[in-house]
Amino acid sequence: MWAVVSSEVLRDATSCFTRIPKLLERCRHSHCINPWISRSTRKAGLYHRAAGRGGEPRPAPTGTVEIHWDHPGIRFRCIRRLASAPAMRPPYGQAGDAGSAQADNKYSAACLCGRVRLGMQIDPPTSYWCHCQLCTRLGSGARWACQFDKTFAFFDKDSLPWLRWYSANIDTAGTVTNGCEPPTPCQLQCSHCGTWIATETDSDLEVSGSLLVPTAAGPATVGQCAHARLLVDSHGKSEGGGNTLAAVTKFLRAVAPKLDGKSHKGQAGRVGVIGGSENYTGAPYYSSAAALRVGAELVSVYTADAAAIPIKTYSPELMVSTVYRLDPMLDSDPDEVARMVDRIAAALPQLHALAVGPGLGRTPAVLAAVAKIIPMATARNLPLVIDADGLWLINQQPDLVRGCNRVILTPNKMEFKRLAKAVLGDHADGATGSDLAAALSGPIIVQKGAVDMICSPNGAVLECHEQGAPKRPGGLGDVLCGTVATLVPWACASERSLEEACLAACTITRQACKVAFAEQHRAYVTPDVLSKISEVFEQLCPAESSPAAVPLKL
């Protein structure tokens, strides 16, 4: 049982004990009571354990306060009337609606759903990269923490009903309602979307740096430590270790087409996928299904005759077209190559983005046809996402994408090594994604790994540190490919950077992997990830929060 008590009440409790010495003599462990009273007196207004374990905290007293102490041989109950509830301490009160955007707030923070909002009136004296066991156990993963004096940090009063606390020391959780204040130290979370917002200690509030955004009165630098830095500009775009949910949420809510029933079929995105072969039918399906789950409305798959029927059986939502026959391609028939090029070229004017490579295979004639299609797409300024076997083609002909600024390459570790060798030659050893992007002078490199690196040709790098899943089933790269192909046209239509779209795609994919693995564990496979994309996207960008519809232009 928990109770909210004041020093005055505890002094009365002490006097009651002194008036009943016979009861105290009967308790062999009476020395446990006095430290409890003195400690509670020093920290008046906090929660104190009386009996039992767990349970919800009691509301702050406005009438009768009861303190129960049960022990073999002694039972104590003190009742006292209070005139009114005690004033709540920062960051929960004593500053009105201080969590909202005010002129004296240098920084603001909010959970993903926006129900819990927090304002800070001073600069953080320090920040650090937190990867403690508690954060890992709670599912928040490694994160930035910016430390504020909590005397100058306040939650919006409308946020308190949604604020949940958890104390690892006593393994108890509760909500901040009716004047209740949590024990310290504790973790603070939005009870609606589950975002872990901050850690409260006796004197500080350690806010998750990825949720932190400077106000008009605040500087651009949020914090820095010996390992990395966190920079946030006026648009919420971040660099370094803070490339996580806050920037992605802001981006998605700015670019996602509004679901108001006024648009026409296909206006939210028409994506094409060139991929699939006799031996690889799953990869183009994963890319296409991911595009649909993220929000594309029409997805076309251009594939081999041997792959078309299997892919059609996977999903009736996909429009699967046979663009070449395998046997003539194996014989390098130039007429079959020309037919493949003509069939896909005819579809390009209807597409908003084109993904090239998932399950494509390495048949030379097929790659020759794709090598003719890529310049046609770039000439139309059509966004291209090149992955898997499409990157094998770029290894052989890097000039196909050199200087093209709407091309995104998504290599994994081995693909990156081959691509760097093909582009940089003898300088490939130790090369970074930035080196490769600079050498190609146009394409964005999404270097997949433990930390996804989004590298621009101008040298800027965005990093996605979001926690994913420890298991790596085949097909996750294909999911990312389809997700990027959906978000890039949205970014173009809203005049946002393609790097932001790539960061958002990496975050969505990692979050979906994390949620899927939490349910399936060792049995987790890529279809589980597809099933969680909608849930993750809704948390980041609820359907009703999208801006005015931005029609995609061909």
Side-chain angles (χ1 to χ4, degrees), residues 110 112 114 210-211 213-214 220 230-240 242-260 263 267-271 290-291 294-297 351-355 378 380-385 404-410 437 442-446 452-464 466 480-511 533 536-543 545-554:
L112 297 185
S210 61
L211 303 177
V213 177
L230 173 64
L231 300 178
V232 181
D233 63 22
S234 59
H235 300 291
K237 179 180 175 183
S238 52
E239 297 182 51
N243 293 337
T244 48
L245 300 178
V248 169
T249 298
K250 186 171 292 187
F251 167 78
L252 291 176
R253 296 186 183 191
V255 304
K258 187 174 183 179
L259 302 179
D260 56 3
S263 61
Q267 280 190 307
R270 295 191 289 274
V271 176
V294 171
E297 291 179 336
L351 299 178
H352 296 126
L354 182 64
T378 55
R380 299 186 60 86
N381 213 20
L382 181 68
L384 282 179
V385 183
C404 301
N405 58 9
R406 284 198 175 186
V407 174
I408 296 96
L409 309 181
T410 58
I444 295 169
I445 308 297
V446 179
D452 293 334
M453 313 284 287
I454 297 98
C455 306
S456 301
N458 62 7
V461 178
L462 297 181
E463 299 178 2
C464 182
E466 283 302 301
L480 176 63
C481 177
T483 304
V484 173
T486 302
L487 297 183
V488 164
W490 292 359
C492 293
S494 301
E495 298 183 350
R496 299 293 291 259
S497 73
L498 303 192
E499 292 86 351
E500 290 179 282
C502 295
L503 175 62
C506 293
T507 302
I508 291 170
T509 303
R510 284 172 170 262
Q511 286 281 311
I533 288 179
V536 170
F537 196 95
E538 182 64 17
Q539 288 184 350
L540 295 171
C541 180
S545 70
S546 299
V550 180
L552 301 184
K553 299 179 181 180
L554 296 175

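Rounding to the nearest 0.5 Å places CG of Leu409 at 9.5 Å from CG of Leu384. If you take CD1 on Ile444 and OG on Ser497, they are separated by 7.0 Å, rounding to the nearest 0.5 Å. For the atom pair CZ of Arg406 and CZ of Arg380, the computed distance is 12.0 Å after rounding to the nearest 0.5 Å. Atom CD of Gln539 is separated from atom OG1 of Thr249 by 9.5 Å, given to the nearest 0.5 angstrom. Rounding to the nearest 0.5 angstrom, the gap separating the CG atom in Leu480 from the CG atom in Asp452 is 7.0 Å. Interatomic distance, Cys506 SG to Gln511 CD, rounded to the nearest 0.5 Å: 12.0 Å.
When all heavy atoms of Ala256 and Cys541 are compared, the closest pair comes out as CB-SG, 4.0 Å. Among all heavy-atom pairs drawn from Cys492 and Pro383, the shortest one is SG-CG, 4.3 Å. Of all heavy-atom pairs spanning Ala296 and Val271, the tightest one is CB-CG2, 4.0 Å. For Gly295 against Ala268, the heavy-atom pair with the smallest separation is O-CB, 3.8 Å. Of all non-hydrogen atoms in Cys455 and Ala437, the two that sit nearest each other are O-CB, 3.8 Å.
Between Val255 and Leu487 the shortest side-chain heavy-atom distance does not fall below 4.5 Å. Counting heavy atoms from C-beta on, the side chains of Cys464 and Arg510 come closer than 4.5 Å.
In this structure a side-chain-to-backbone donor-acceptor pair under 3.5 Å is missing from Glu297 to Arg270. Between the Trp490 side chain and the Ala254 main chain, no donor and acceptor come within less than 3.5 Å of each other. Within the 3.5 Å criterion, the main-chain N or O of Leu540 finds a donor-acceptor partner in the side chain of Arg253. Looking only at distances, no side-chain donor or acceptor of Ser263 sits under 3.5 Å from a matching main-chain atom of Leu259.
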Exercise. Determine, step by step, whether Thr509 and Ile533 satisfy the side chain to side chain contact (heavy atoms under 4.5 Å, CB included) criterion, reporting the C-alpha distance in whole Å, the side-chain angles of both residues, the deciding distance to 0.1 Å, and the verdict.
Key: CA-CA 7 Å; Thr509 303; Ile533 288 179; over 6 Å; no

Quiz item: Going through the checks in order, is the side chain to side chain contact (heavy atoms under 4.5 Å, CB included) test met by Val248 and Glu466?
Solution: CA-CA 11 Å; Val248 169; Glu466 283 302 301; over 6 Å; no

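Every residue was checked against the side-chain hydrogen bond (donor to acceptor under 3.5 Å, both in side chains) condition with Thr483, not counting sequence neighbours, and none meets it. A search for side-chain contact (heavy atoms from CB on, under 4.5 Å) contacts involving Cys404 returns Thr378, Val407, not counting sequence neighbours.
Each of Val461, Leu498, Leu462 was scored for a side-chain contact (heavy atoms from CB on, under 4.5 Å) with Ile454, with one residue passing: Leu462.
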